[in-house]
Amino acid sequence: MQLLTALAVLATEEGAESGGGISLVLPHPEELVAGILAFLIVFFFVWRKALPTINKTLEARQQAITGQLTEAEEAKREAETLLADYRAQLAEAKTEGNRIVEEARVAGEQLKSDIVARAEEDAAQTLAKAREEAQTEKARALAEARREVGQISVGLAEKIVGEALDDKVQQGLIDRYLEDLERL
């Protein structure tokens with residue numbers, strides 16, 4: 001703006017010297033008509049030739065951007081679907097893992113119970129066998145003791161009586177003696 005003001009001032013000063021003034025800033029009418037005709041010709045060719053090409057280019061660019069946006073939205077939807085599938089698979093895997101751990105825990109407890117039951121059963125069998133063996137040993141020891149006590153008793157009785165006793169009498173004496181021992 002300052003440049004135009006400076007030019008106008010300069011033209012006014014030169015015009016005052018040459019006597020023209022504003023005629024120096026304004027073109028001659030022939031030049032003005034030629035400039036307007038040249039502008040109209042260039043505008044007509046730009047409007048007829050360049051403008052459709054520019055419009056086509058802009059429309060192609062707009063379609064390309066729209067296509068890219070559509071593809072981006074599609075990719076976003078696909079990514080969201082994949083993320084949802086991934087999350088579902090992850091949740092399913094966690095559930096499956098928890099189920100497997102729970103099954104393993106239950107199986108371990110069952111195995112522990114089975115081992116404890118088997119051990120208790122083995123202990124009970126061993127105890128029963130030991131008791132049976134003890135009873136057998138006790139019975140054998142008692143039988144051995146009866147036999148020896150009987151022989152000693154018969155030997156003593158023979159010495160006391162002075163004669164040999166028959167088997168029935170001996171057995172009766174042994175039984176009575178043992179009954180007396182058991183009462184003690």
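- By the 4.0 Å N-to-carboxylate-O rule, Arg77 lies close enough to Glu74 to be salt-bridged with it.
- Put simply, CD1 on Ile54 and CZ on Arg61 are 14.5 Å apart, with the number rounded to the nearest 0.5 Å.
- Interatomic distance, CD of Gln89 versus CG of Leu82, reported as 9.5 Å (0.5 Å rounding).
- Annotation for Glu80: atom CD counts as buried by contact number, over 12 foreign heavy atoms lying within 6.0 Å.
- Clustering ILVMFWY residues whenever any of their side-chain heavy atoms sit less than 4.5 angstrom apart, transitively, puts Leu40 in the very cluster that holds Leu32.
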Which pairs would a plain distance check flag for residues 96-104, meaning a side-chain donor or acceptor within less than 3.5 Å of a matching protein atom at least two apart in sequence or in another chain?
unit_1, atom_1, unit_2, atom_2, d
Glu96, OE1, Arg99, NE, 3.3
Glu96, OE1, Arg99, NH2, 3.3
Glu96, OE2, Arg99, NH2, 2.1
Asn98, ND2, Lys94, O, 3.4
Arg99, NH1, Glu103, OE1, 3.1
Arg99, NH1, Glu103, OE2, 2.3
Glu102, OE1, Arg105, NE, 3.3
Glu102, OE2, Arg105, NE, 3.4
Glu102, OE2, Arg105, NH2, 2.2

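- At least one side-chain heavy atom of Thr66 sits under 4.5 Å from a side-chain heavy atom of Gln62.
- Rounding to the nearest 0.5 Å gives a distance of 15.5 Å between NZ of Lys129 and CZ of Arg131.
- Note that CG of Leu90 is 9.5 Å distant from OG1 of Thr95, once rounded to the nearest 0.5 Å.
- For the 3.5 Å distance criterion, the side chains of Gln110 and Asp114 qualify, holding a donor opposite an acceptor.
- Note that CG of Leu58 is 9.0 Å distant from CG of Leu51, once rounded to the nearest 0.5 Å.
- The closest side-chain heavy-atom distance from Gln125 to Asp122 is below 4.5 Å.
- Under the 4.0 Å criterion applied to side-chain N and carboxylate O atoms, Glu59 and Lys56 are not assigned as salt-bridge partners.
- Ring-plane geometry between Phe39 and Phe43 is classed as parallel, the angle between the planes falling under 30 degrees on a 0 to 90 degree scale with a further cut at 60.
- With a 4.5 Å cut-off on side-chain heavy atoms, Glu121 and Arg118 do not count as touching.
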